[in-house]
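Labels below follow one simple rule: chain letters A, B, ... track the order of the sequence lines, proteins then strands, and each chain is numbered from 1. Computed from a predicted model, the values in this text were never measured in an experiment. What you see below is based on every heavy atom in this structure, not just the backbone, and it leaves out hydrogens, waters and symmetry mates.
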Protein chains: 2
Amino acid sequence: MSTRERSQMATSLRVACMRISRRVRFESGDDLAPHQFSVLLRIEDGAQTPRELAEIERVSAPSMTRTVAALVDRDLVLRAEDPNDGRSVLLSLSREGVEMLKAIRRRREAWMLDRIKHLGDDELDTLRRATQILERVAAE
Amino acid sequence: MSTRERSQMATSLRVACMRISRRVRFESGDDLAPHQFSVLLRIEDGAQTPRELAEIERVSAPSMTRTVAALVDRDLVLRAEDPNDGRSVLLSLSREGVEMLKAIRRRREAWMLDRIKHLGDDELDTLRRATQILERVAAE
DNA sequence: TATTGTTATACTCTATAACTATA
DNA sequence: TATAGTTATAGAGTATAACAATA
C-alpha cells in the first residue's frame, strides 16, 4: 500500500472511529457525565484513593474531590477511612455503582449491536479482524 | 456468526473505536476546545447562523453566542450582518480558521498514521475494508 | 518536611429567563 | 406575535493557592 493510500486510510479510519464513538456517547442515553463515568471505571479497575484518580485522570486534587463527592452523594461510590493512613480515604463501588456501569454498558452494547446486526458474515468477519488490530494499535 | 459472538464483537469494536478516538483527541495537541472545533467544522460544512449552529450542536442560543464570540475573538470566524434580515448574523471561516482546521487535521492524521505505519499490507487491507463498513454504519 | 485531602476563590461552559431589535 | 440574538444570572466543571491533619 502506497504512502498516499496509507495516509488517506489513517484519516478515514480515524474519522470513522470518532463518529462511532461520538454517536455511542450521544445516543446511548447515559445518565452519568463523562468524567463521572470515567472515574467509576477507574475505581472498578482498582483505583482506591482520590489522589490516584486525580493522577490517572490528569485533573487537580480539588477537582477529583468534587467528582468523588458527587458520586458518593449519588450512592454510586463508597468512602471509608484508611486504617493504615489517617490522611487517606479508600473508595469502592457500591452495589448501585456496579449496576450503573452494567446498565451503561448494556445500553452502549445494544446501540452498537443494532448497527451491525444487519451485516453479513463476511463483513462481520472483517470487522472482527479489524477490531483485533485496533485493540493492538490503541494499546501501544 | 452467533448472536453471542456478534454481541461480543459489538462491545470490542465500540471500545476500540472509543479508545482510538480518545487518544487522538488527547494526544494530537489541539489548541482548540472540542466544542469550538466542532463549531468550526459545522461552519466549514455550510452552517451560517448562530441559530443553526445551536440546533445542530444541541446547545442553547446563549451558549452558542459565547462559543461564536470566542471564535470571532480569536479571528477564526468572521461575522457579517445579513442584508436580508436585520436580526441575523452570517458566519464564515476566516483564513485563520481554515488554517486552524488544516493544522488540527494534519496533526490528527500524523498521530493515526504513526500508529498504523508499521502494519503489514494484510492488516492494512483489513483496516481499509473495515473502515468502509464503519463509515456506512456510522452514517446510518 | 512531605503528603493527603479539603476549603476558598476564580474562570469557563452550560442553562433558563428576560430583554432588544426586526419580521 | 414570532424570531434572532444578547445580556443577566446561576449551576456545574475546571484550576491554583492556602489550609488542616497525618506521616
Side-chain angles (χ1 to χ4, degrees), chain A residues 22 25-27 29-43 46-93 97 100 104, chain B residues 22 25-27 29-43 46-93 97 100 104:
Chain A
R22 181 181 163 91
R25 264 185 300 117
F26 269 67
E27 296 172 22
D30 295 359
D31 30 31
L32 211 55
H35 67 289
Q36 296 178 325
F37 176 63
S38 189
V39 164
L40 235 46
L41 287 179
R42 300 301 188 178
I43 296 175
Q48 292 193 311
T49 67
R51 166 68 43 187
E52 259 179 284
L53 290 168
E55 277 166 18
I56 295 170
E57 293 291 315
R58 300 190 196 187
V59 297
S60 66
S63 281
M64 192 48 71
T65 292
R66 293 194 61 158
T67 299
V68 166
L71 293 171
V72 170
D73 267 4
R74 289 182 62 176
D75 295 322
L76 299 171
V77 165
L78 302 172
R79 293 171 59 114
E81 290 178 7
D82 186 336
N84 304 315
D85 186 338
R87 299 169 303 180
S88 283
V89 296
L90 295 178
L91 306 171
S92 60
L93 292 185
M100 174 65 81
I104 291 175
Chain B
R22 181 182 163 91
R25 263 185 299 117
F26 269 68
E27 296 173 21
D30 295 358
D31 30 31
L32 212 53
H35 66 288
Q36 295 177 325
F37 176 63
S38 188
V39 164
L40 236 47
L41 287 180
R42 301 299 189 179
I43 296 174
Q48 292 194 311
T49 65
R51 167 69 42 186
E52 258 179 284
L53 290 167
E55 277 166 18
I56 295 170
E57 293 291 316
R58 299 190 198 187
V59 298
S60 65
S63 283
M64 192 48 71
T65 292
R66 293 197 61 160
T67 300
V68 167
L71 293 171
V72 171
D73 267 2
R74 290 182 62 176
D75 294 322
L76 299 172
V77 165
L78 302 172
R79 293 171 58 113
E81 290 178 6
D82 185 336
N84 304 315
D85 186 338
R87 300 168 303 180
S88 282
V89 295
L90 294 178
L91 306 171
S92 60
L93 293 185
M100 174 64 81
I104 291 174

Name every residue in residues 83-93 of chain B that has at least one heavy atom under 4.0 Å from any atom of DNA chain C, in order of residue number, or write none if there are no such residues. B/Asp85, B/Gly86, B/Arg87
Measuring only between side-chain heavy atoms, which start at C-beta, is A/Val39 closer than 4.5 Å to A/Met64? yes
Under the rule for side chain to side chain donor-acceptor pair (under 3.5 Å), what residues qualify as partners of B/Asp82, not counting sequence neighbours? none
Going by number, which of residues 55-74 of chain A have a non-hydrogen atom under 4.0 Å from DNA chain C? A/Ala61, A/Pro62, A/Thr65
Should A/Leu78 and A/Val72 count as side-chain neighbours, where that means a heavy-atom distance under 4.5 Å? no
5'-most to 3'-most nt of DNA chain D touching chain A (<4.0 Å, heavy-atom partner on protein side) reads D/dG13 to D/dA23
Listed by chain and number, what are the side chain to side chain contact (heavy atoms under 4.5 Å, CB included) partners of B/Arg87, not counting sequence neighbours? B/Asp85
Does any part of the side chain of B/Leu32, heavy atoms only, come nearer than 4.5 Å to the side chain of B/Leu76, both counted from C-beta? yes
Test: salt bridge (charged side-chain N to carboxylate O under 4.0 Å, His left out). Region: residues 52-76 of chain B. Which pairs qualify, not counting sequence neighbours? B/Arg42-B/Glu57
Correct closest heavy-atom pair for B/Leu53 and B/Ala47 would be CD2-CB, 3.6 Å
Listed partners of A/Ala33 passing side chain to side chain contact (heavy atoms under 4.5 Å, CB included), at least two apart: A/His35, A/Gln36
What pairs with B/Ser63 under side chain to side chain donor-acceptor pair (under 3.5 Å), at least two apart in sequence or on another chain? B/Ser60
Contacts of A/Ser92 that satisfy side chain to side chain donor-acceptor pair (under 3.5 Å) - sequence neighbours left out: none
Counting only non-hydrogen atoms, which of residues 33-43 of chain A are less than 4.0 Å from DNA chain D? A/His35, A/Gln36
By side chain to side chain contact (heavy atoms under 4.5 Å, CB included) - contacts of A/Val89 (at least two apart): A/Pro50, A/Arg79, A/Leu91
Sequence neighbours excluded, which residues qualify as side chain to side chain donor-acceptor pair (under 3.5 Å) partners of A/Glu27? A/Arg23, A/Trp111
What is the distance, to the nearest angstrom, from the CD atom on A/Glu81 to the P atom on C/dT4? 17 Å
